[in-house]
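A quick write-up on the structure given underneath.
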Amino acid sequence: MAHVLITGGAGFIGSHSCVVLLENGHDLLVLDNFSNSSPVALKRVQELTGRSLECVKGDLRDPALLQKLFADAKAAGAPIEAVIHFAGLKAVAESVADPLRYWDVNVGGSCALLASMDAHDCRTLVFSSTSTVYGESETFPLTETTPTNPIHPYAQTKRAVEQMLTALAQTGTWRVASLRYFNPVGAHPSGRIGEDPLGIPNNLFPFITQIAAGRMDKLRVFGNEYPTPDGTGIRDYLHVMDLAEAHAAAINHLLQSDAPLSLTVNLGTGKGLSVLDVVHGFEKATGITIPYEVVKRRPGDVPKLEACPKKAANVLGWRAKRSLADMCRDGWAWQSANPHGYRKAS
Ligand code: NAD
Ligand code: UFG
């Protein structure tokens with residue numbers, strides 16, 4: 001068991017991962033500036049697990065703060081042994097409109113973090129990367145050796161950090177894992193924590209749950225003339241609790257390795273679903289009708305992303321276990337109990 005720094009731990013994937021990591025016995029220090037999350041999420045993580053975690057409000061790009069976190073932990077006799085780095089910006093359209101901000105937070109922030117880690121002899125890191133680094137591929141499923149082709153600043157910043165990590169690993173002193181998430185959805189089965197986007201959701205699944213909760217009137221399906229069986233875009237949706245479990249597997253794998261390590265691993269189910277598959281799956285799981293209309297394609301969307309999940313199984317011993325019905329049931333349990341997310345919640 002280790003003392004692990006979790007950047008962005010209050011966010012969607014971070015909060016679910018904190019639950020699993022605490023349940024696995026790790027001690028956690030969360031750094032988050034709450035730019036896209038609420039401290040309530042962390043309060044609920046502690047309620048769910050019956051364990052406490054330490055949380056510091058602050059920015060990843062603040063070297064003095066990072067220095068203090070590492071130094072204080074060492075002085076207290078519990079040095080930070082590893083980092084899981086979730087903090088970052090993730091909205092594709094926003095990254096096209098404001099690329100500098102994405103390079104600053106995603107790449108500049110990672111650079112500051114890695115420099116502090118290095119200075120404090122902490123060289124074990126799990127990084128949140130994305131399936132969008134593959135861009136538009138002709139061959140499926142996507143394996144970790146499929147050439148990358150990041151087509152927007154968001155994906156480019158994630159790819160840049162991956163490259164920074166590969167270079168660090170080549171120095172022979174780091175253990176790093178870039179986890180390429182496909183499309184995480186759903187929520188903890190308790191309905192106490194879940195995805196809480198600010199404003200109008202960019203992503204399909206929270207849009208659907210907000211329609212079900214009466215916050216949106218209908219879904220706009222972005223194009224139905226893609227070269228897919230029903231013409232709508234295909235993605236590899238996975239349950240966020242499966243993804244959280246992958247982080248526990250990855251950090252344990254790195255911590256157990258005696259040798260330097262540089263891993264890149266896809267995290268998906270291996271089974272792509274279309275937009276309409278998700279709509280109908282949600283309707284079946286919840287009994288709620290989701291009205292939709294087909295509109296034009298969203299710029300930057302690719303027809304299909306689908307993982308080859310074999311490396312995750314072979315190297316990490318991890319595979320996604322939960323079904324689309326589980327994702328819909330748990331996502332709806334969260335949204336229906338928290339129609340406005342964490343706002344006004346305690
Ligand atoms: P999220 O926005 O819910 O969580 C990110 C967290 O980082 C938030 O709590 C936010 O407040 C914090 N943060 C942002 N900038 C920060 C800064 N400068 N300093 C400190 N904290 C900061 O997003 P998420 O969905 O949980 O995603 C987590 C990571 O996984 C991100 O890096 C994202 O790019 C990546 N990712 C997400 C998805 C997805 O579909 N959700 C897919 C692939 C990759
Ligand atoms: N879609 C709609 N209507 C909507 C929202 C989405 O039809 O209102 C469609 C999209 O066109 C796409 C599919 O639903 O075909 C999934 O779209 P999302 O926005 O939910 O997910 P993306 O695959 O575009 O991107 C997401 C995150 C990225 C992350 C990526 C990982 O936004 O940050 O998953 O694969 F990197």
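Each ligand, and each atom within it, is numbered from 1 in the order the structure gives. By convention here, the first residue in the shown sequence is residue 1.
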Do Q46 and L53 have side chains that approach each other closer than 4.5 Å (heavy atoms only, starting at C-beta)? yes
Can you confirm, on distance only, whether ligand 2 has an N/O atom lying under 3.5 Å from any N/O atom belonging to T130? no
Of R51, H26, E245, the residue whose pairing with L21 passes side chain to side chain contact (heavy atoms under 4.5 Å, CB included): H26
If we number the atoms of ligand 2 from 1 as shown, the ones under 4.0 Å from a heavy atom of N202 are 5 (C), 19 (O)
For ligand 2, which atoms sit closer than 4.0 Å to a heavy atom of D301? 10 (C), 11 (O), 24 (O)
re atom 22 (C) of ligand 1, the protein heavy-atom contact at minimum distance is N33 OD1, 3.1 Å
Nearest to atom 3 (O) of ligand 1, what protein heavy atom do you find, and at what distance? F12 N, 2.9 Å
Is there a heavy atom of D59 sitting under 4.0 angstrom from any atom of ligand 1? yes
Rounded to the nearest 0.5 Å, how far does OG1 of T143 lie from OH of Y134? 6.5 Å
For atom 10 (C) of ligand 1, which protein heavy atom lies nearest, and how many Å away is it? D32 OD1, 3.4 Å
List the closest protein heavy-atom neighbour of atom 2 (O) of ligand 1: residue, atom name, distance to the nearest 0.1 Å. N36 ND2, 2.7 Å
Are W318 and V265 connected in the hydrophobic side-chain network, where two residues link if heavy atoms are under 4.5 Å apart? yes
Within the structure, does L204 bring an N/O atom to less than 3.5 angstrom of an N/O atom in ligand 2? yes
Should the pair K304 and F140 be classed as cation-pi, given the thresholds of under 6.0 Å to the six-membered ring centre and 45° from the axis? yes
Please indicate whether R220 has more than 12 foreign heavy atoms, meaning atoms of other residues, nucleotides or ligands, lying under 6.0 Å from its CZ. no
Find all atoms of ligand 1 within a distance of less than 4.0 Å from any non-hydrogen atom belonging to S128, and give their numbers and elements. 29 (C), 30 (O), 32 (O), 35 (C)
Is there any N or O on Y181 that sits under 3.5 Å from an N or O of ligand 1? no
Protein heavy atom at shortest distance from atom 24 (O) of ligand 2: R298 NH2, 3.0 Å
Enumerated ligand 2 atoms positioned under 4.0 Å from heavy atoms of V221: 7 (O)
Is it the side chain, the backbone, both or neither of K158 that has a heavy atom closer than 4.0 Å to ligand 1? side chain
What part of N203, side chain from CB on, backbone N/CA/C/O, both or neither, has a heavy atom under 4.0 Å from ligand 2? both
Note: S129, heavy atoms under 4.0 Å from ligand 1, region reported as backbone
Looking at atom 28 (C) of ligand 1, what's its closest protein heavy atom, distance included? F86 O, 3.5 Å
Considering only non-hydrogen protein atoms, determine which one is nearest to atom 37 (C) of ligand 1 and report residue, atom name and distance to 0.1 Å. I13 CD1, 3.7 Å
Which heavy atom in H253 sits nearest to a heavy atom in L263, and how many Å separate them? CD2-CD1, 3.6 Å
V92 touching ligand 2 at heavy-atom level, < 4.0 angstrom: no
Within the 4.0 Å heavy-atom shell around G58, which atoms of ligand 1 are there? 19 (N), 20 (C)
Quick one: do L238 and V275 end up in the same hydrophobic cluster if we chain Ile, Leu, Val, Met, Phe, Trp and Tyr together by side-chain heavy atoms under 4.5 Å apart? no
Among all the protein's non-hydrogen atoms, which is closest to atom 24 (P) of ligand 1, and how far away is it? K90 NZ, 3.7 Å
Could R235 and F182 be counted as a cation-pi pair, given that NZ or CZ must be under 6.0 Å from the ring centre and within 45° of the axis? no
Between F182 and ligand 1, is there a nitrogen or oxygen pair with a distance under 3.5 Å? no
Can you name the closest pair of heavy atoms from H16 and H188 and give their distance? NE2-N, 3.0 Å
Considering only heavy atoms, which of P206, G108, S35 lies nearest to atom 14 (C) of ligand 1? S35
State, to 0.1 Å, how close A73 and I80 come at their nearest heavy-atom pair, and which atoms those are. CB-CG1, 3.9 Å
Any idea which heavy atoms bring Q335 and Q210 closest together, and the distance? OE1-CG, 3.6 Å
Quick check: does T130 get an N/O under 3.5 Å from an N/O on ligand 1? no
Ligand-residue contact atoms, ligand 2 with K90, heavy atoms, under 4.0 Å: 33 (O)
Ligand 2 contacted by Y237 (non-hydrogen, < 4.0 Å): yes
Atom indices of ligand 2, in the order listed, that fall short of 4.0 Å to a heavy atom of R220: 2 (C), 3 (N), 4 (C), 7 (O), 8 (O)
In terms of atom number and element, which parts of ligand 2 are under 4.0 angstrom from non-hydrogen atoms of S131? 31 (C), 35 (O)
Result for side chain to side chain contact (heavy atoms under 4.5 Å, CB included) between S274 and one of T228, T232, V279 points to T232
In terms of atom number and element, which parts of ligand 2 are under 4.0 angstrom from non-hydrogen atoms of N183? 21 (O), 22 (P), 23 (O), 26 (C), 31 (C), 34 (O), 35 (O)
So, does Y154 sit close enough to ligand 2 that a heavy atom of it is under 4.0 Å from the ligand? yes
Quick one: sort the H247 and Y181 rings into parallel, tilted or perpendicular, breaks at 30° and 60°. perpendicular
Any nitrogen or oxygen of R235, side chain or backbone, less than 3.5 Å from one on ligand 2? yes
Is there a polar contact, in the sense of an N or O pair closer than 3.5 Å, between L31 and ligand 1? no
Count the heavy atoms belonging to other residues, nucleotides or ligands that lie under 6.0 Å from CD of E225, then report whether that count exceeds 12. no
How about T49 and E23: does a side-chain donor come under 3.5 Å of a side-chain acceptor? no
Identify, by atom number and element, the atoms of ligand 2 in contact range of G233, meaning under 4.0 Å from any of its heavy atoms. 15 (O)
Distance to 0.1 Å, residue and atom name: give those for the protein heavy atom nearest to atom 30 (C) of ligand 2. T132 CG2, 3.8 Å
Quick one: closest heavy-atom pair of S137 and T146, and the distance? OG-CG2, 3.9 Å
Which heavy atom of L48 sits nearest a heavy atom of S190, and at what distance? CD2-OG, 3.4 Å
Test log, rule ring pair (Phe, Tyr, Trp, His ring centres under 6.0 Å), inputs W334 and Y342: CA-CA 10 Å; W334 151 254; Y342 294 113; 4.9 Å; yes
Considering the options V4, V45, L5, which one meets the side chain to side chain contact (heavy atoms under 4.5 Å, CB included) requirement together with L28? V4
F222 to ligand 2: N or O pair under 3.5 Å? yes
For atom 39 (C) of ligand 1, closest protein heavy-atom neighbour: P184 CG, 3.7 Å
How far is atom 9 (C) of ligand 2 from the closest protein heavy atom, and which atom is that? V275 CG2, 3.6 Å
For a quick check under 3.5 Å, do H85 and S110 share a side-chain donor-acceptor pair by atom type? yes
Which of the atoms of ligand 1 are close to Y154, meaning less than 4.0 Å from one of its heavy atoms? 33 (C), 34 (O), 35 (C), 36 (N), 43 (C), 44 (C)
So which bit of F34 gets within less than 4.0 Å of ligand 1, heavy atoms only: side chain, backbone, both or neither? backbone
